[in-house]
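These numbers come from a predicted model, not from an experiment. So that the names make sense, note that chain A is the first sequence line, chain B the second, and so on, each numbered from 1. When reading the values below, keep in mind they use all heavy atoms of this one structure, side chains included, and skip hydrogens, waters and symmetry mates.
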Number of protein chains: 2
Amino acid sequence: MTDVKTPTNPLFLREEELRQGIELLFFAYRDFTAEPDAILAEYGFGRAHHRVIYFVGRNPGMTVSDLLTILRITKQSLSRVLGQLVEEGFITQRPGLQDRRQRLLELTEKGTALERQLTERQRARFAGAYRDAGAEAVEGFRKVMLGLIDEADRARFPLRGPGWR
Amino acid sequence: MTDVKTPTNPLFLREEELRQGIELLFFAYRDFTAEPDAILAEYGFGRAHHRVIYFVGRNPGMTVSDLLTILRITKQSLSRVLGQLVEEGFITQRPGLQDRRQRLLELTEKGTALERQLTERQRARFAGAYRDAGAEAVEGFRKVMLGLIDEADRARFPLRGPGWR
DNA sequence: GTCTTTACGTCAGTCATGTTGACATATATC
DNA sequence: GATATATGTCAACATGACTGACGTAAAGAC
């Protein structure tokens with residue numbers, strides 16, 4: 001570290017700004033996951049179950065391999081969690097129409113209810129943050145977050161067209 | 001769900017916007033932690049070690065209970081990880097000056113080197129995202145992220161005074 | 001109609017990281 | 001001297017990740 005850390009040194013400003021970003025992400029993620037975790041514990045589930053429920057709710061009829069791609073975990077890790085959710089009636093599997101090897105995943109009513117209960121807290125957190133920050137800040141937030149995400153997954157967040165606001 | 005989901009229904013827009021926020025946070029965190037995780041694996045360490053190294057590097061001389069407050073884990077969880085880092089020469093402990101029960105934590109040279117190696121990738125990710133998004137977007141990002149963080153921890157991110165940009 | 005690939009599941013074992021509860025020690029404080 | 005605090009430690013446990021190997025059914029290629 002050869003940088004001299006004084007308030008007038010732009011290298012220090014930059015370093016400080018970058019570290020604040022790192023910490024914002026850490027604290028936001030920590031607090032963002034804490035509420036759902038507490039609810040999940042009542043069901044004997046963990047954060048991994050939440051992720052599965054969330055993405056299946058978001059993409060009804062998605063395949064197991066779609067889910068593996070999103071979560072970036074091994075199929076063994078997924079299969080335990082997914083198996084529990086199917087067995088306990090939160091998720092259903094049905095064979096694909098074109099490709100019957102696939103198992104298309106969907107939430108049951110019970111699964112939808114839990115998804116809503118879990119995500120509601122997180123939506124409320126975002127709603128508050130967006131409201132307090134304002135529309136312009138939300139655009140900035142989106143831009144920076146997209147830049148943090150690996151290029152391969154940015155296409156999951158389409159730019160909003162004229163219908164959007 | 002009684003909302004009718006059409007592009008002209010503001011409730012749908014809001015729901016979609018909130019879900020995008022949730023997903024941005026998930027993907028950003030997933031990708032943000034992946035690179036350091038790979039480096040840590042070479043040392044036989046995990047993400048928990050990174051968090052300890054990061055915050056001790058950021059706050060030299062911090063106490064164990066400071067660290068517990070930030071990480072929100074139990075002291076047993078911390079003590080295993082911290083013990084390894086001390087034993088392997090990445091962190092030193094020395095008694096507090098006023099209160100000799102405390103063990104003030106600091107990175108050794110070895111610890112500083114690892115911290116830099118790990119955080120460098122994350123800083124680079126933020127630097128790229130900030131550069132592409134622009135200064136105004138960064139301000140928006142900060143505002144929204146602060147709003148996501150529990151009120152108790154927002155004071156960790158002081159507003160920048162006139163010296164700041 | 002075989003052959004290969006793909007989608008998915010499963011078994012066995014391991015590791016990292018979190019938990020609770022109880023207890024120990026040194027120091028600070030009233 | 002009694003109590004509270006900062007820290008560490010032991011034992012036991014759960015979750016969720018991993019690797020590697022093997023199995024099955026269906027799709028796709030030749």
Side-chain angles (χ1 to χ4, degrees), chain A residues 26 29-30 33-34 36-56 61-88 91-106, chain B residues 26 29-30 33-34 36-56 61-88 91-106:
Chain A
F26 169 77
Y29 197 79
R30 184 199 67 178
T33 49
D37 282 356
I39 298 170
L40 288 157
E42 297 169 19
Y43 291 80
F45 291 154
R47 201 175 289 178
H49 298 83
H50 187 188
R51 293 195 280 254
V52 171
I53 287 177
Y54 178 85
F55 283 107
V56 172
M62 76 188 307
T63 66
V64 172
S65 65
D66 288 343
L67 203 42
L68 287 174
T69 303
I70 286 178
L71 300 178
R72 295 225 186 128
I73 58 175
T74 59
K75 63 178 172 174
Q76 293 78 358
S77 295
L78 174 58
S79 112
R80 205 174 357 180
V81 168
L82 183 55
Q84 282 177 287
L85 289 170
V86 169
E87 187 164 346
E88 299 188 29
I91 286 182
T92 54
Q93 298 175 318
R94 58 183 167 81
L97 291 176
Q98 292 86 11
D99 186 338
R100 285 183 329 205
R101 293 171 303 179
Q102 296 175 336
R103 306 211 182 161
L104 308 188
L105 306 173
E106 268 171 24
Chain B
F26 169 77
Y29 197 79
R30 183 198 67 176
T33 49
D37 282 355
I39 298 170
L40 287 156
E42 297 169 19
Y43 290 81
F45 291 155
R47 202 175 289 177
H49 299 82
H50 187 188
R51 292 195 281 253
V52 171
I53 286 176
Y54 179 85
F55 283 107
V56 171
M62 76 188 308
T63 67
V64 172
S65 65
D66 287 344
L67 204 41
L68 286 174
T69 303
I70 286 178
L71 299 178
R72 295 225 187 129
I73 58 175
T74 59
K75 63 177 173 175
Q76 293 77 1
S77 294
L78 174 58
S79 114
R80 205 175 355 186
V81 169
L82 184 54
Q84 282 177 288
L85 290 170
V86 169
E87 186 165 346
E88 300 187 29
I91 285 181
T92 55
Q93 298 175 318
R94 58 182 167 82
L97 291 176
Q98 291 85 10
D99 186 338
R100 286 184 328 203
R101 293 171 304 179
Q102 296 176 333
R103 306 213 182 161
L104 308 187
L105 306 173
E106 269 172 23

**Prompt:** With sequence neighbours excluded, what pairs up with A/Tyr54 under the ring-ring contact (aromatic ring centres under 6.0 Å, His included) test?
**Reply:** none
**Request:** Using ring-ring contact (aromatic ring centres under 6.0 Å, His included) as the criterion, list what pairs up with B/His49, not counting sequence neighbours.
**Result:** B/Phe45
[X]: partners by side-chain hydrogen bond (donor to acceptor under 3.5 Å, both in side chains), with sequence neighbours left out:
| X | result |
| --- | --- |
| B/Arg47 | B/Thr33, B/Asp37 |
| A/Ser77 | A/Thr74 |
| A/Thr63 | A/Ser65, A/Asp66 |

**Message:** Under 4.0 Å, heavy atoms only, any strand: does A/Gln84 hit a base, just the sugar-phosphate, or nothing?
**Reply:** nothing
**Message:** Please determine whether a side-chain nitrogen or oxygen atom of A/Ser79 lies at a distance below 4.0 Å from atom OP1 or OP2 of C/dG9.
**Reply:** no
**Prompt:** Is any side-chain N or O of A/Thr74 closer than 4.0 Å to OP1 or OP2 of D/dA17?
**Reply:** no
**Request:** Report the distance from atom CZ of A/Arg103 to atom C1' of C/dT10, rounded to the nearest whole Å.
**Result:** 11 Å
Mind checking what makes salt bridge (charged side-chain N to carboxylate O under 4.0 Å, His left out) contact with [X], not counting sequence neighbours?
| X | answer |
| --- | --- |
| B/Glu88 | none |
| A/Arg100 | none |
| A/Arg101 | A/Asp99 |

**Asked** To the nearest 10 degrees, what angle separates the axes at the start and end of the helix from C/dG1-D/dC30 to C/dC30-D/dG1, five pairs each?
**Response** 30°
**Prompt:** For DNA chain D, what residues of residues 63-72 of chain B have any heavy atom nearer than 4.0 Å?
**Reply:** B/Thr63, B/Val64, B/Ser65
**Request:** Side chain of A/Ser77 only, please: which of D/dC18, D/dG8, D/dA6 is the nearest?
**Result:** D/dC18
**Message:** What I want to check is whether an N or O donor and acceptor connect the side chain of B/Gln76 with the base of C/dG21 at under 3.5 Å.
**Reply:** yes
**Request:** Starting from the 5' end of DNA chain C, give me the residue, A/Leu82 or B/Val81, whose nearest nucleotide shows up first.
**Result:** A/Leu82
**Complete:** In B/S/- notation (B base, S sugar-phosphate only, - none; protein heavy atoms under 4.0 Å), nucleotides 24-30 of chain C written 5' to 3' is --BBS--
Are there any protein N/O atoms within less than 3.5 Å of an N/O atom in nucleotides 14-16 of chain C, and if so, which ones and at what distance?
none

**Asked** Hey, what do you get for CD (A/Gln76) to CG (A/Leu68), rounding to the nearest 0.5 Å?
**Response** 9.0 Å
